[in-house]
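Okay, structure first, notes after.
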There are 2 protein chains.
Amino acid sequence: MSSFMKIGDLAQKTGLSIRTLHYYDEIGLLSPSHRTDVGYRLYSNQDIIRLQQIVSLRQLGFSLKEINKCLKDPNLSLQQTIDLHRAKVKEQMSLSRTLLKRLNVISTELQTTQSIAVENLIQVMETVSMSKQQYLTPEQQEILRSRFSEREAEWQQILTQARIEMSKGTNFDTNSVYKLAMRWERSMESLVSGDEQIYESLMRMYQREELETFNWGAIDSTSFEYILKAISFLLLID
Amino acid sequence: MSSFMKIGDLAQKTGLSIRTLHYYDEIGLLSPSHRTDVGYRLYSNQDIIRLQQIVSLRQLGFSLKEINKCLKDPNLSLQQTIDLHRAKVKEQMSLSRTLLKRLNVISTELQTTQSIAVENLIQVMETVSMSKQQYLTPEQQEILRSRFSEREAEWQQILTQARIEMSKGTNFDTNSVYKLAMRWERSMESLVSGDEQIYESLMRMYQREELETFNWGAIDSTSFEYILKAISFLLLID
DNA sequence: TCTTGACCCTCACGTAACGTCAGGCTTTAG
DNA sequence: CTAAAGCCTGACGTTACGTGAGGGTCAAGA
């Protein structure tokens with residue numbers, strides 16, 4: 001059952017190139033756990049699982065370096081990466097739908113009237129760009145920070161609660177944390193207030209080291225990360 | 001109305017980076033048609049249209065070099081690129097749907113039983129890879145070529161007809177060519193016979209110079225391209 | 001047993017499409 | 001009139017591989 005695969009096999013089945021697998025080995029991202037005595041790479045089921053995580057995280061827009069960091073965290077389970085990937089695919093589909101609408105508008109407009117409003121073209125390009133970006137742009141960060149300082153007290157409350165739960169070692173999926181996350185989310189709403197983009201992006205940030213460097217002033221990064229994880233839980237139930 | 005845009009404006013509205021626009025200028029892909037007297041780039045509506053085509057073609061998976069060639073062909077209208085882009089987005093959406101299904105399978109399987117079949121993971125990776133590739137893989141080319149030689153006579157017939165229409169200078173959208181394309185498509189079906197992937201990819205090939213190097217033996221590339229264009233017409237009516 | 005073709009290995013250099021300064025004009029808002 | 005914001009042209013850096021070169025390995029068939 002737990003048969004090993006040679007690199008060519010794996011490449012063919014996954015659609016990745018051999019070179020890609022070589023490269024992942026080279027940078028220490030995925031070193032197959034076995035080799036034949038002449039040095040042939042042998043990929044185990046565990047390796048394949050890791051590869052799956054890599055592929056999913058790539059789809060989320062992480063660089064290989066970032067993925068390397070993510071995968072060092074033992075908290076990041078296969079389940080989580082799969083669920084994040086699911087969320088991403090959903091997001092993509094919704095973007096594709098709006099994109100398609102806009103393309104349709106242009107196409108029919110071109111067919112009927114011969115001219116075209118450039119604005120429509122710009123909208124399309126904007127949509128295309130959106131599907132590539134991830135995390136928060138600097139401007140978005142600025143907005144968030146300013147809005148946050150307006151309501152600092154409220155956040156403080158939530159955070160102290162969060163810290164209590166953390167020190168109790170409560171798990172994300174228990175009820176108390178669930179409620180906490182709900183409350184966080186409501187407050188969050190006022191922060192984000194309509195800007196879906198920021199919300200989505202925030203979700204994507206939560207496994208990144210950028211969290212540390214972000215420096216939210218009042219919030220220490222550990223609490224922040226804790227809550228973010230809880231939220232992503234919420235998000236994935238939907 | 002026909003107002004010019006400075007590079008920063010354009011970048012902000014389209015979501016592209018300034019550097020990207022600089023780069024496109026550098027390689028002669030999109031050189032803004034005007035400059036202020038101190039050298040500031042000014043993008044006209046025409047430039048924006050061209051940029052739109054570039055963005056769409058990029059989404060189709062063309063490299064910038066290929067796009068440069070494509071755009072030198074005056075036959076490639078905005079309408080066509082938009083429609084190709086539409087087809088691509090549709091394809092993406094269908095891929096996303098199957099991908100989502102497979103991810104769901106894995107996710108629930110992980111939640112109920114703790115174990116997971118690696119095959120499912122491999123399927124996911126395969127699907128992800130599929131959304132990246134374009135055109136035909138060498139193996140697919142081999143298959144096509146062999147199947148083609150089996151039925152060479154039939155194709156010859158269609159092609160002579162095509163050449164006649166071409167010499168008459170008939171346009172793609174007239175009825176006779178329409179019928180011809182229908183006939184081609186039926187025969188095509190036997191060539192492709194179920195392999196959706198090959199069919200889709202063939203469509204994407206039609207604006208590429210690879211057509212020339214492809215060397216189908218009996219088919220000269222001009223006829224081939226002619227028919228392919230007709231087909232893509234058919235495809236986009238759907 | 002020998003060979004031949006399909007795989008595998010490790011260098012190592014090449015590439016596409018930008019990112020990211022640096023250094024220096026220009027324009028605009030107060 | 002001055003400071004901030006925007007634009008310019010180099011020019012070097014980066015990511016994630018592609019693409020050989022040169023050389024072992026393995027299974028099948030003559």
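Letters A, B, ... mirror the listed sequences (proteins, then strands); counts begin at 1.
The CD1-P distance, from A:Ile7 to D:dT25, rounds to 18 Å in whole Å. Taking atom CZ on A:Arg35 and atom P on C:dC9, their separation rounds to 6 Å, with Å as the unit. Whole-Å rounding puts the B:Leu21 CG to C:dG19 P distance at 10 Å. Put simply, CG on B:Leu57 is 16 Å from C1' on C:dA17, counting in whole angstrom units. Straight-line distance from the OH atom of B:Tyr43 to the C1' atom of D:dC7: 11 Å, rounded to whole Å. Protein atom CG of A:Asp25 is 13 Å distant from nucleotide atom C1' of C:dC8, rounded to whole Å. To the nearest angstrom, P of C:dC9 lies 8 Å from CD1 of A:Ile18. For the pair A:Phe4 CZ and C:dC8 P, the interatomic distance rounds to 16 Å; values are reported in whole Å.
A search for ring pair (Phe, Tyr, Trp, His ring centres under 6.0 Å) contacts involving A:His34 returns A:Phe4, not counting sequence neighbours. Residues passing the side chain to side chain contact (heavy atoms under 4.5 Å, CB included) test with B:Gln46 are B:Ser44, B:Ile49, sequence neighbours excluded. Considering only residues two or more places apart in sequence or on other chains, A:Glu126 meets the side chain to side chain contact (heavy atoms under 4.5 Å, CB included) condition with none of them. Partners of B:Ser131 according to the side chain to side chain contact (heavy atoms under 4.5 Å, CB included) rule, which considers only residues two or more places apart in sequence or in another chain, are B:Leu95.
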Give me, pair by pair, the N or O atoms of the protein and of nucleotides 11-17 of chain D that are less than 3.5 Å apart, along with how far apart they are.
| from | atom 1 | to | atom 2 | distance (Å) |
| --- | --- | --- | --- | --- |
| D:dT15 | OP1 | A:Lys65 | NZ | 2.7 |
| D:dA16 | OP1 | A:Leu64 | N | 3.1 |
| D:dC17 | OP2 | A:Tyr24 | OH | 3.0 |
| D:dC17 | OP2 | A:Arg58 | NH1 | 3.2 |

Taking N or O atoms only and anything under 3.5 Å, show me the protein contacts with nucleotides 24-27 of chain C, one pair per line.
| from | atom 1 | to | atom 2 | distance (Å) |
| --- | --- | --- | --- | --- |
| C:dT26 | O4' | B:Tyr40 | OH | 3.3 |

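Residue B:His22 has no polar side-chain atom (N or O) positioned under 4.0 Å from OP1 or OP2 of C:dC18.
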Requested in this report: Check step by step if side-chain contact (heavy atoms from CB on, under 4.5 Å) holds for B:Leu51 and B:Leu10.
Outcome: CA-CA 10 Å; B:Leu51 183 56; B:Leu10 186 57; 4.0 Å; yes
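Contacts classified as salt bridge (Lys or Arg N to Asp or Glu O under 4.0 Å) and involving residues 49-65 of chain A (residues at least two apart or in different chains) are not found. Within the structure, salt bridge (Lys or Arg N to Asp or Glu O under 4.0 Å) pairs that include any residue of residues 94-110 of chain B do not occur (at least two apart or interchain). Listed by first and then second residue, the salt bridge (Lys or Arg N to Asp or Glu O under 4.0 Å) pairs that reach into residues 22-44 of chain B are B:Arg19-B:Glu26, B:Asp25-B:Arg35, B:Asp25-B:Arg41, sequence neighbours excluded.
In the model, A:Ser56 has a side-chain atom that pairs as donor or acceptor with a side-chain atom of A:Gln52 under 3.5 Å.
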